[in-house]
A.B. asks: 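Once you've had a glance at the structure underneath, I'll fire off some questions.
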Amino acid sequence: MAAVAARELRDGEVVFVGIGLPNLACNLARRTHAPRLVLIYESGAIGAVPERLPVSIGDPALVTGSSMVCGMADVFQSILQSGRIEVGFLGGAQVDRYGNINTTVVGSYERPAVRLPGSGGAAEIAIHARRLLIVSKLSLRAFPERVDFITSPGQRHDGVPRSRLGMPGAGPVKVITDKAILEADEATGEMVLAALYPRVDDADVRREVGWSLRRRPRLGRVEPPSATEVRLLREVLDPRRLYLKG
Amino acid sequence: MRDAVARFVHDGDTVVIEGFTHLICFAAGHEIIRQGRRNLTLARLTPDLIYDQMIAAGCARKLTFSWAGNPGVGSLHAFRRAVEGKGAAPLEIEEYSHFGMVARFSAGAARLPFWPLRNYMGTDLPRVNPRIRTVTCPYTGEQLATVPALNPEVTIVHAQRADAEGNTQIWGLLGVQKEAAFASQRVIVVVEELVDQSVIRSDPNRTVIPGMIVHGVVVEPWGAHPSYVQGYYDRDNDFYLAWEPISRDPDKLARYLDEFIYAVPDRAAYVRKQPGLAARLRAGERFSSGVNYGF
């Protein structure tokens with residue numbers, strides 16, 4: 001999933017890196033096909049070139065050798081809100097039919113069954129990044145028809161398209177999972193099946209999605225990770241398995 | 001530290017111990033716990049382990065925040081128990097996103113009543129936090145989100161160094177400390193090293209907090225552990241991992257507070273209790289090249 005996500009980043013792009021798997025994917029991309037990727041972390045590290053995999057988005061290795069370190073007011077106002085982020089990259093506990101993400105609560109807000117960490121910078125990344133990539137492991141629990149709480153907005157809110165709500169960015173264009181890639185349908189804003197991993201079929205994906213998943217007329221094939229990608233991930237980037245589980 | 005907390009942190013205050021992963025002043029949080037402060041409103045973007053400990057110790061009535069997790073590990077379980085209704089005491093919460101919290105401090109620092117931002121459309125945050133509102137721009141007619149100023153009674157900032165007047169220099173991640181300090185009625189800076197004023201004046205661009213807004217300077221080496229100080233010591237990631245099972249179990253958490261906070265008189269004793277810290281975490285050397293301030 002990390003390798004597949006990394007391939008979505010183009011060399012030279014400016015990417016706002018979220019916590020968790022996006023952090024790993026961005027650092028893999030920088031060490032493979034996108035050496036000029038500009039990594040921006042909400043902690044204020046601009047053009048980070050971490051020599052070790054950052055354990056968090058505030059890791060000291062993000063500072064050493066970076067091109068700029070600024071305060072968080074600058075990050076959110078002058079870099080994100082001003083439209084300078086080309087790609088936002090988020091994970092999510094729940095992702096719904098329209099790519100709305102929930103990282104706040106499972107259940108009701110007032111009496112949550114599970115309290116999650118909340119937005120952090122995710123809400124504004126989803127609003128402002130020119131395009132948004134989401135990575136999340138496929139499961140019925142993680143992909144409900146409608147999330148319990150919209151932390152970070154997707155393509156539609158109560159049926160209203162995001163452009164009508166005044167959001168500058170294009171929103172979630174792809175959801176990268178461990179079995180398939182979903183893409184936002186341009187007409188309906190729905191996440192639709194766009195590509196399958198090897199040895200996975202339509203039905204395997206549908207079983208793990210809480211809405212009647214539509215599909216592109218022609219599905220793409222996701223290439224398995226190359227030997228180089230696997231080696232970098234396991235031996236260089238994440239030998240302690242901070243992000244790579246199982 | 002004992003005197004600074006006794007003098008500047010009072011029951012019922014809104015207290016901000018800022019620092020984004022970097023420079024979180026655990027020494028101040030521990031002293032506030034030891035002195036038994038109650039009914040505090042704790043505000044921070046990322047409550048982190050320090051507010052989890054302060055919530056567990058019963059210091060907090062309310063938490064104002066934007067991301068409450070253990071970065072790269074999982075949950076803050078004392079926080080979760082309180083919010084999920086399984087804790088010893090209820091905890092009121094007021095929740096924003098990071099941008100919202102940054103904007104609240106920016107308004108507070110400028111002594112404006114609110115701060116406008118293009119944000120929150122399509123999210124459920126304004127539904128659960130009625131203090132996130134909107135304003136119509138008088139120039140463009142555009143509707144913008146607003147958040148209210150945050151002006152805490154006291155802000156505590158950890159830093160690499162300051163002089164005796166409180167002119168404080170920080171390098172590495174700057175977080176929102178400058179805005180939080182300027183927004184605050186009282187400011188305590190806690191530093192790894194107290195330096196002569198000539199050191200500060202040799203590199204004034206590195207000063208983030210001027211002495212004119214500082215009420216107390218505390219010298220407390222290793223005062224940010226298990227957080228980190230760029231150029232001094234690394235983050236104790238092993239402790240952040242260890243916090244998961246400790247905070248998950250209220251009895252283990254209580255034993256932790258007893259052993260590492262209540263049973264030690266101060267930070268020096270806390271450091272002596274953990275003899276391997278320097279060998280494990282001391283920072284390597286990566287010096288910057290200096291600049292010419294001449295004219």
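Numbers restart at 1 for each chain; the letters A, B, ... are given by sequence-line order, proteins then strands. Keep in mind it's a predicted model, so treat the numbers as computed, not measured.
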A.B. asks: Would one find more than 12 heavy atoms of other residues, nucleotides or ligands at under 6.0 Å from atom CZ of A/R234?
C.D. replies: no
A.B. asks: Taking atom CD of A/Q77 and atom CH2 of B/W115, what is their separation to the nearest 0.5 Å?
C.D. replies: 5.5 Å
A.B. asks: Does any N or O in the side chain of A/Q81 come within less than 3.5 Å of the main-chain N or O of B/R118, such that one atom is a donor and the other an acceptor?
C.D. replies: yes
A.B. asks: Which bit of A/P168 comes within less than 4.5 Å of chain B, counting heavy atoms only: side chain, backbone, both or neither?
C.D. replies: side chain
A.B. asks: Answer with side chain, backbone, both or neither: which region of A/R240 has an atom nearer than 4.5 Å to a non-hydrogen atom of chain B?
C.D. replies: side chain
A.B. asks: Name the option with the most non-hydrogen atom pairs under 4.5 Å to chain A; the candidates are B/E142, B/R127, B/R80.
C.D. replies: B/R80
A.B. asks: Highest number of heavy-atom pairs under 4.5 Å with chain A: which of B/G69, B/G122, B/P71, B/G74?
C.D. replies: B/G122
A.B. asks: With chain A, which of B/V102, B/V128, B/T46, B/L174 has the greatest number of heavy-atom pairs at distances under 4.5 Å?
C.D. replies: B/V128
A.B. asks: What part of B/L45 is in contact with chain A, defined as an atom under 4.5 angstrom from a non-hydrogen atom: side chain, backbone, both or neither?
C.D. replies: side chain
A.B. asks: Near A/R52 CZ, under 6.0 Å, is it more than 12 heavy atoms from other residues, nucleotides or ligands?
C.D. replies: yes
A.B. asks: Over all heavy atoms of both residues, which pair between B/F99 and A/E124 is shortest? Give the atoms and the distance, please.
C.D. replies: N-OE2, 2.7 Å
A.B. asks: Among the options B/H98, B/H22, B/M101, B/E95, pick out the one with the most heavy-atom pairs lying under 4.5 Å from chain A.
C.D. replies: B/H98
A.B. asks: So, do B/Y228 and A/D59 sit near enough that their side-chain heavy atoms are less than 4.5 Å apart?
C.D. replies: no
A.B. asks: Does B/R111 CZ have over 12 foreign heavy atoms under 6.0 Å away?
C.D. replies: yes
A.B. asks: Heavy atoms only, distances under 4.5 angstrom: which of B/V83, B/V208, B/N70, B/V176 has the most pairs with chain A? Name it, please.
C.D. replies: B/V83
A.B. asks: Under 4.5 Å from any heavy atom of chain B, what part of A/I127 do you find: side chain, backbone, both or neither?
C.D. replies: side chain
A.B. asks: To the nearest 0.5 Å, how far apart are CG in B/L173 and CE in A/M72?
C.D. replies: 9.0 Å
A.B. asks: Who are the ring pair (Phe, Tyr, Trp, His ring centres under 6.0 Å) partners of A/F16, not counting sequence neighbours?
C.D. replies: none
A.B. asks: For the pair A/H157 (side chain) and B/M121 (backbone), establish whether a donor and an acceptor sit closer than 3.5 Å, ignoring hydrogens and angles.
C.D. replies: no
A.B. asks: Verify the neighbour count for atom NZ of A/K137: are there more than 12 heavy atoms of other residues, nucleotides or ligands below 6.0 Å?
C.D. replies: no
A.B. asks: Relative to chain B, which segment of A/Y109 carries a heavy atom at a distance below 4.5 Å: side chain, backbone, both, or neither?
C.D. replies: side chain
A.B. asks: Specify which of A/S43, A/A123, A/G121 makes the most heavy-atom pairs with chain B at under 4.5 Å.
C.D. replies: A/S43
A.B. asks: Identify which part of B/F65 has an atom lying under 4.5 Å from any heavy atom of chain A, answering side chain, backbone, both or neither.
C.D. replies: side chain
A.B. asks: Return the minimal non-hydrogen interatomic distance between B/T21 and A/S56, and the atom names on each side.
C.D. replies: CG2-OG, 3.4 Å
A.B. asks: Enumerate the residue pairs fulfilling side chain to side chain donor-acceptor pair (under 3.5 Å) with a member in residues 174-183 of chain B, sequence neighbours excluded, ordered by first and then second residue.
C.D. replies: none
A.B. asks: Can you say whether A/T151 sits under 4.5 Å from chain B via the side chain, the backbone, both, or neither, judging by heavy atoms?
C.D. replies: backbone
A.B. asks: Determine whether more than 12 heavy atoms belonging to other residues, nucleotides or ligands lie under 6.0 Å from atom CZ of A/R131.
C.D. replies: yes
A.B. asks: Please look at B/S97 and chain A and tell me whether the side chain, the backbone, both or neither of the residue comes under 4.5 angstrom of a heavy atom of that chain.
C.D. replies: both
A.B. asks: Of all the residues in residues 84-93 of chain B, which have a heavy atom that comes within less than 4.5 Å of a heavy atom in chain A?
C.D. replies: B/E84, B/K86, B/I93
A.B. asks: Between A/V75 and chain B, with a heavy-atom cut-off of 4.5 Å, which part of the residue counts as in contact: side chain, backbone, both or neither?
C.D. replies: neither
A.B. asks: With chain A as the partner chain, list the residues of residues 233-244 of chain B whose heavy atoms fall under 4.5 Å from it, by residue number, and write 'none' if nothing qualifies.
C.D. replies: B/D234, B/R235, B/N237, B/D238, B/L241
A.B. asks: Do you know the tightest heavy-atom contact between B/Y96 and A/S119?
C.D. replies: O-CB, 4.4 Å
A.B. asks: Please flag which part of A/A113 lies under 4.5 Å from any non-hydrogen atom of chain B: side chain, backbone, both or neither.
C.D. replies: backbone
A.B. asks: How many angstroms lie between OG1 in B/T123 and CE in A/M167, if you round to the nearest 0.5 Å?
C.D. replies: 8.5 Å
A.B. asks: Using 0.5 Å steps for rounding, measure from the OG1 atom of A/T104 to the CG atom of B/L125.
C.D. replies: 5.5 Å
A.B. asks: So for A/T103, is it side chain, backbone, both, or neither that comes closer than 4.5 Å to the heavy atoms of chain B?
C.D. replies: neither
